[in-house]
Structures are given as C-alpha cells and as structure tokens.
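As structure tokens, the structure follows; a few thoughts come after it.
By convention in this document, chain letters (A, B, ...) are assigned in the order of the sequence lines, proteins followed by strands, and residues within each chain are numbered from 1. Below, all heavy atoms of this structure are taken into account, side chains as well, without hydrogens, waters or symmetry copies.
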Amino acid sequence: MSKEITSREADYSQWYNDIVIKADLAEHSAVRGCMVIKPNGYAIWEKMQAVLDKMFKDTGHQNAYFPLFIPKSFFSKEASHVEGFATECAVVTHYRLKNDGNGNIVVDETAKLEEELIVRPTSETIIWNTYKGWIQSYRDLPILINQWANVVRWEMRTRLFLRTAEFLWQEGHTAHATAEEAIEETERMLHIYADFAENWLAVPVVRGRKSPNERFAGALDTYCIEALMQDGKALQAGTSHFLGQNFAKAFDVKFTGKDGKLDHVWATSWGVSTRLMGALIMAHSDDSGLVIPPKLAPIQVVIVPIYKGDEDLAKISSYVNELTMRLKGLGVSVKYDDRDTQRPGFKFAEYELKGVPVRIAIGGRDLENKTVEIARRDTKVKQTVPQEGLDIYIVKLLEEIQQNMFNKALAYRDEHITEANSYEEFQQLLDTKAGFISAHWDGTPETEQKIKEETKATIRCIPLDNKLEDGVCIYSGKPSIQRVLFARAY
RNA sequence: CGGGAUGUAGCGUAGCCCGGUAUCGCGCCACAUUUGGGAUGUGGAGGUCGUAGGUUCGAAUCCUGCCAUCCCGACCA
C-alpha cells in the first residue's frame with residue numbers, strides 16, 4: 001500500500017482524505033454516506049467519550065437510552081423542528097422481507113407499518129414525549145440526562161467524520177423549572193465543550209451564539225464553539241441549545257410549581273459528534289500524517305528496538321520492560337513494538353503516520369551510553385536523552401507536546417481573525433487570507449442571507465465576550481452595535 | 001439533487017480511440033541475507049476488468065441502464 005499523503009498545499013481535501021484512510025481511522029462502507037470507523041479511529045473516539053462522559057457526570061448528568069425509531073407523528077408536533085429535519089430523514093415503512101419465488105428477497109408489501117418510523121436525526125421529540133410521563137411537580141425537576149447514540153441525517157454530500165449519513169454523538173436533554181436555570185445549563189454545557197476542545201483536543205475555540213439563521217431547528221437560542229481549520233475554514237465543533245418551552249408545549253409537558261401554578265417545562269439540548277474527529281485531524285495534522293494530542297492518544301509512547309540478533313534484542317527488551325512498567329505506573333500508555341517482521345525505518349514512518357506523540361528508539365549504542373533517542377511527533381525533533389529520570393522526562397514531554405499543539409493552533413487561529421470595515425475588504429479577505437472575519441452586521445437575517453449567497457461566508461457566531469461597539473453594517477450600511485465573526489465553514 | 005471525473009488483483013495503474021481473454025509497481029507468501037528513517041535478492045500466489053443487459057464468431061475495449069466513489073455547487077453537526 002502506498003503511504004504517500006497528498007500535501008495540504010496541493011489539495012487540502014485530498015490531504016484530509018488521505019490522512020483518514022492511511023492512518024487507518026475509517027473507511028467508506030458499502031452503504032452510501034456511511035463509514036466504518038476502524039480500530040485506530042474508534043480508540044480516539046472512545047477516549048473522547050470517556051473524558052466527556054466524566055465531565056457530564058461531574059456536573060450532575062446521568063446516561064440513559066432512548067429508541068432509534070421515532071413515530072412520524074412526533075415530528076409534526078414542533079413546527080420549526082420538522083421543517084429543519086424533514087428533508088433528511090430515513091423512514092422505515094415495512095417490517096418484513098419475503099422471497100419472491102425467483103430467489104430474490106423483496107419487501108413484503110403486506111407488512112406495511114400503520115405509522116412510519118423515522119430513524120432519529122436527533123431525539124428531542126421521542127425524549128420529550130417520554131418526559132411527559134416523568135414530570136408532574138417542580139420536585140421532579142431538573143432532569144439532567146445524556147445519551148450516547150447514533151443518529152441518521154440523509155445528507156446530500158458526505159465526508160468522512162465531517163459529515164456522514166450516520167454518525168455517533170452524545171445528546172444531552174435537560175428539563176428545568178425556570179428559564180434562568182435552563183439558560184444556565186445551556187451555558188454550562190457550552191463551557192464544558194470549550195474546555196474539552198481546548199484542554200483535550202488542543203483546539204482553540206470561539207464561544208458564541210448563533211445568529212437566528214443558523215439556530216437549531218426548534219431552539220430559542222443556540223450557543224456554539226467554533227474552531228478554525230488549517231485551510232482557514234471554520235468548523236462548528238459543538239452546540240448547546242436553549243429550547244425555551246417549545247418542546248414542552250409541543251408534547252404538553254407541564255409541572256406544578258411551588259406556588260401551585262401549572263407551567264410548561266424549560267428545556268435544553270446539547271451535543272458533540274464524531275465530527276470532533278475531523279476537527280482533531282484538520283487542526284493538527286501535517287503532510288506526514290496524523291498528529292494526536294497526548295491526552296487523547298490511545299498510544300502515547302511507542303518504543304522501537306534497534307538490534308542485531310536475539311541476544312541484542314533480549315538486552316534491549318529487559319530495559320524496555322522495566323521502563324514500560326515505570327511509565328505505566330505514571331499513567332502513560334506505552335506500546336513496545338518488537339515485531340521482527342518490520343524494520344525500524346518502517347516502524348518510524350508508520351507511527352508518524354498514525355500520530356503517536358512520542359517515539360523512543362533504543363539500540364546497542366544507547367545501551368552502552370545509557371541513553372535513548374526520543375522523537376516528538378508535533379515538531380518532529382529528535383534528541384538523545386539519558387535513561388536516568390526518563391520516565392519523568394516523558395511525562396513532562398507529553399504535557400509540553402499537548403501545550404505546544406494548543407499554542408500552535410491558537411497562534412494560527414489568532415492570526416486569522418481579521419477585522420473588515422467594508423464589504424470590499426471583507427470579500428478580499430475571504431479570497432486571500434480566509435479565517436474568521438470580524439465585521440459589523442445590522443442584525444437582520446436578510447443581510448446575512450445576502451452575504452452568504454454572494455460570498456459563501458456565514459456568521460459563525462456572535463462571541464460571548466463581544467465588546468459592544470457602534471459601527472455600520474459592512475453590507476447594508478445600517479447602524480450596528482457589535483462585530484460578529486464571519487467565515488466560510490465546513 | 002445539478003455539474004465534472006472515475007471504477008481493471010488488497011492498493012495504485014497500463015490496455016479502451018483502432019474488439020481476439022490483461023501490463024507494470026507496491027503490498028502479500030516462502031527462503032536467504034538484513035535491521036539507528038519506509039531493506040535486497042531469488043522463487044511464488046492472487047483478476048468472472050463495478051454491475052445488469054445489448055451488439056458481435058468473439059467485449060476490459062463499442063452501446064444502454066443501474067450502482068458506487070471523489071471533486072465543485074445547493075443542504076447540514
């Protein structure tokens with residue numbers, strides 16, 4: 001198999017595909033738009049899940065599981081929600097197959113469902129239908145539930161991890177007695193996502209709110225984290241929605257308050273998906289392959305022996321086994337690759353491609369000098385270091401790599417937030433520099449729509465820490481009270 | 001769903017215009033020599049040419065339908 005990766009400069013899209021395929025993260029399946037996540041890719045997703053799951057539980061949430069299928073009628077109960085998802089739903093209409101007598105398996109038309117089932121594109125409807133039975137009093141609130149699940153959205157055009165017809169995600173669905181409490185929850189989860197993105201994925205994000213055009217179908221307010229990829233395009237990495245009482249009203253979920261009055265329940269929902277894999281790949285990787293931040297790397301350190309003959313290998317292995325024990329004791333995941341079927345150079349290239357943060361090579365020379373050779377993936381710098389105190393050195397190096405990856409991505413991101421003060425400047429920036437463009441906007445959906453049609457750029461978000469500043473909209477010339485972030489996006 | 005391209009061994013390909021049962025490289029298997037950046041040699045295995053029809057004595061090649069993938073649009077986490 002050729003391990004050549006297309007360079008980012010030559011063809012960014014092809015580079016991305018090459019990384020996913022050649023680092024063995026995922027591959028296309030026999031089903032259009034659906035991917036097989038391979039062990040190397042799934043291991044990273046599992047680490048993401050573990051970290052996020054703990055974060056959710058530490059903030060009082062519990063996991064549960066709701067059905068894959070949703071009765072069609074549920075969708076029509078919330079008007080804007082159905083409008084948002086109707087065009088991309090997989091629908092189950094029958095429940096049986098039969099042999100047609102010619103050896104073909106066909107749908108048994110007599111086994112038609114009375115009511116079609118929708119394969120969930122998101123679970124608000126089935127969950128709120130369920131919550132109806134769980135909530136009578138303020139004493140039943142809040143409900144703080146998360147589920148890990150797959151969802152299906154019949155996308156026209158798919159890309160591995162970034163947009164697949166079926167994807168894995170978590171969706172939190174909470175119910176509250178007051179709007180304030182629900183908004184607080186919405187914001188809390190946004191900050192958890194941001195914390196995760198920055199401190200684990202090492203991807204800096206802008207925390208903000210969506211413009212009405214970009215809001216989730218059925219939400220009163222959508223908060224998001226927006227990341228910037230190496231080609232200057234933005235990627236929405238997570239969203240947290242304040243749903244108001246929309247779903248409670250649609251599914252008739254009421255509770256009696258302390259004051260004895262009946263009111264509809266307030267809701268939030270929030271989610272991140274396997275798209276985070278795409279963010280991780282595109283934010284850090286280079287032309288040699290994947291670069292995984294140490295805190296999410298399934299293998300943090302790989303050790304490659306360099307030897308001549310069994311005796312040589314035995315000596316190296318005895319040192320490596322002892323080192324491995326110490327590293328594992330410090331919580332470092334280590335792989336000792338003593339395969340005799342591949343040569344060292346092959347292994348070096350392979351682990352580089354797969355993004356293992358630290359590689360240690362040990363040969364006879366090192367045993368004599370009491371050293372090892374350490375190569376870090378993020379900078380590709382190699383150096384010889386003493387065996388003395390190596391375990392502590394590695395732990396610190398992993399931390400440094402994590403920090404360095406974040407700093408590098410942050411520097412790139414900050415360099416690519418540019419202010420535009422006229423529409424001409426705005427258009428020019430999009431074509432020359434890309435990235436986020438900070439510009440005044442008159443606050444109307446019409447203006448946003450026009451800009452989108454003319455430039456393909458959308459408002460990614462209105463940053464939470466935005467300064468209010470009088471200005472004029474770059475498109476309409478009408479007064480504006482603040483700048484918002486525009487970008488072309490995935 | 002519109003535009004463009006592609007589909008030949010696990011992967012990448014030649015052959016297609018001009019019809020005669022498939023080329024090369026990587027990978028794979030065996031053995032030997034090797035091992036500090038993707039080893040070398042020798043021998044070997046592997047293909048109903050995406051799929052279904054049609055034309056023809058004969059189809060990878062010509063014609064038609066279908067399927068899939070990639071890129072660019074519209075849609076979206």
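Within the 4.0 angstrom heavy-atom criterion, no nucleotide atom of any strand lies near A/Arg339. Within 4.0 Å (heavy atoms only), A/Gly33 reaches sugar-phosphate atoms of the nucleic acid but no base atom. Among the atoms of the strands shown, base atoms are found under 4.0 Å from some heavy atom of A/Glu155. Using a 4.0 Å heavy-atom criterion, one finds that A/Thr164 contacts the bases of the nucleic acid, with or without backbone contacts as well. In this structure, A/Leu276 reaches neither bases nor backbone, as no heavy-atom distance under 4.0 Å exists between it and the strands shown. Across all strands shown, A/Gly84 has no heavy atoms under 4.0 Å from either base or sugar-phosphate atoms.
For A/Gln236, the side-chain atoms get nearest to B/A77 when compared with the rest of B/U69, B/A77, B/G36. The side chain of A/Lys452 lies closest to B/C75, out of B/C75, B/A74, B/U35. Distance from the side chain of A/Ile306 is smallest for B/U35 among the nucleotides B/U35, B/G37, B/G73. Distance from the side chain of A/Phe167 is smallest to B/A77 among B/A77, B/U35, B/G38. With distances taken from any side-chain atom of A/Phe348 to the nucleotides B/U69, B/C71, B/G37, the minimum falls on B/G37. Distances from the side chain of A/Met156 to the nucleotides B/G37, B/A74, B/C76 place B/A74 closest. When distances run from any side-chain atom of A/Arg157 to the nucleotides B/C76, B/G73, B/A77, the shortest one goes to B/G73.
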Pairwise N/O distances under 3.5 Å, protein to nucleotides 39-46 of chain B:
{"from": "B/A39", "atom 1": "OP2", "to": "A/Arg343", "atom 2": "NH1", "distance (Å)": "2.6"}
{"from": "B/A39", "atom 1": "O4'", "to": "A/Arg343", "atom 2": "NH1", "distance (Å)": "3.1"}

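What separates CZ of A/Arg120 from P of B/A77 is a distance of 17 Å, to the nearest Å. Look at CZ on A/Arg488: it is 18 Å from P on B/C76, rounded to the nearest Å. One can place NZ of A/Lys38 at 11 Å from P of B/C11, the figure rounded to the nearest angstrom. The distance between atom NZ of A/Lys210 and atom P of B/A77, rounded to the nearest whole Å, is 8 Å. The CH2 atom of A/Trp270 sits 18 Å away from the P atom of B/A77 (whole-angstrom rounding). In this structure, CG of A/Asp18 is placed 14 Å from C1' of B/U69, rounded to the nearest angstrom. Here B/G37 presents its C1' atom at 12 Å from CZ of A/Arg365, a figure rounded to the nearest Å. When rounded to the nearest whole Å, the span between CG of A/Asp24 and P of B/G10 equals 17 Å.
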Base-pairing string, 5' to 3', of RNA chain B - Watson-Crick or wobble, under 3.5 Å, | interstrand: ((((((((.[[[..)....(...]]].((((((.....)))))).....[[[[[..)....]]]]])))))))....
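The gap from the P atom of B/G73 to that of B/A59 amounts to 43 Å, rounded to the nearest Å. For B/G47 and B/U21, the C1' atoms lie 11 Å apart once the distance is rounded to whole Å. One P atom belongs to B/A39, the other to B/U35, and the distance between them is 12 Å to the nearest Å. Taking the P atoms as reference points, B/A60 lies 14 Å from B/G53, given to the whole Å. Using C1' as the reference atom, B/G15 and B/U61 are 8 Å apart when rounded to the nearest Å. Separating the C1' atom of B/C67 from that of B/A52 is a span of 10 Å, rounded to the nearest Å. For the P atom pair drawn from B/C16 and B/C76, the interatomic distance equals 46 Å after rounding to whole Å. Of the P atoms belonging to B/A45 and B/U56, the separation is 39 Å, rounded to the nearest Å.
Counted within 6.0 Å of CG on A/Asp310, heavy atoms from surrounding residues, nucleotides or ligands total 12 or fewer; the atom is thus considered open. Environment of NZ in A/Lys233: crowded, with over 12 heavy atoms of neighbouring residues, nucleotides or ligands closer than 6.0 Å. Counted within 6.0 Å of CD on A/Glu388, heavy atoms from surrounding residues, nucleotides or ligands total 12 or fewer; the atom is thus considered open. In A/Gln62, the CD atom is not crowded: 12 or fewer heavy atoms of neighbouring residues, nucleotides or ligands sit closer than 6.0 Å.
Below the 3.5 angstrom threshold, one finds no donor paired with an acceptor across the side chain of A/Lys380 and the base of B/G37. Side-chain atoms of A/Arg153 and base atoms of B/C76 include no donor and acceptor less than 3.5 Å apart. With hydrogens and angles left out, the side chain of A/Glu350 and the base of B/G38 share no donor-acceptor pair within 3.5 Å.
Residue whose closest nucleotide on RNA chain B sits further toward the 5' end, between A/Arg163 and A/Arg359: A/Arg359. Of the two residues contacting RNA chain B, namely A/Phe161 and A/Val372, the nearest-nucleotide position lying further toward the 5' end is that of A/Val372.
Using a 3.5 Å distance cut-off with no hydrogens or angles, the side chains of A/Gln14 and A/Asp18 do pair a donor with an acceptor. A/His241 and A/Thr222 share a donor-acceptor pair across their side chains, judged by distance under 3.5 Å alone.
A/Arg120 places no side-chain N or O within donor-acceptor distance of the main-chain N or O of A/Ile126, the cut-off being under 3.5 Å.
Looking at every heavy atom in both residues, A/Ile401 comes nearest to A/Pro357 through CD1-O, 3.7 Å. Of all heavy-atom pairs between A/Asp286 and A/Lys380, the closest is OD2-CE, 4.1 Å.
Using a 4.0 Å cut-off between charged side-chain N and carboxylate O, A/Asp378 and A/Arg376 make a salt bridge.
A cation-pi arrangement, defined by a distance under 6.0 Å to the six-membered ring centre and an angle within 45 degrees of its axis, is present between A/Arg359 and A/Phe348.
Proximity of A/Ser13 to the phosphate of B/C72: a side-chain N or O atom is located under 4.0 Å from OP1 or OP2. For B/G73, the OP1/OP2 oxygens have a side-chain nitrogen or oxygen of A/Lys456 closer than 4.0 Å. When the side-chain nitrogen and oxygen atoms of A/Asn17 are compared with OP1 and OP2 of B/U69, none of them lie within a distance under 4.0 Å.
Counting heavy atoms from C-beta on, the side chains of A/Ile303 and A/Tyr319 never come closer than 4.5 Å.
The only member of A/Phe426, A/Tyr423, A/Trp441, A/Phe436 that meets ring pair (Phe, Tyr, Trp, His ring centres under 6.0 Å) when paired with A/Phe486 is A/Phe426.
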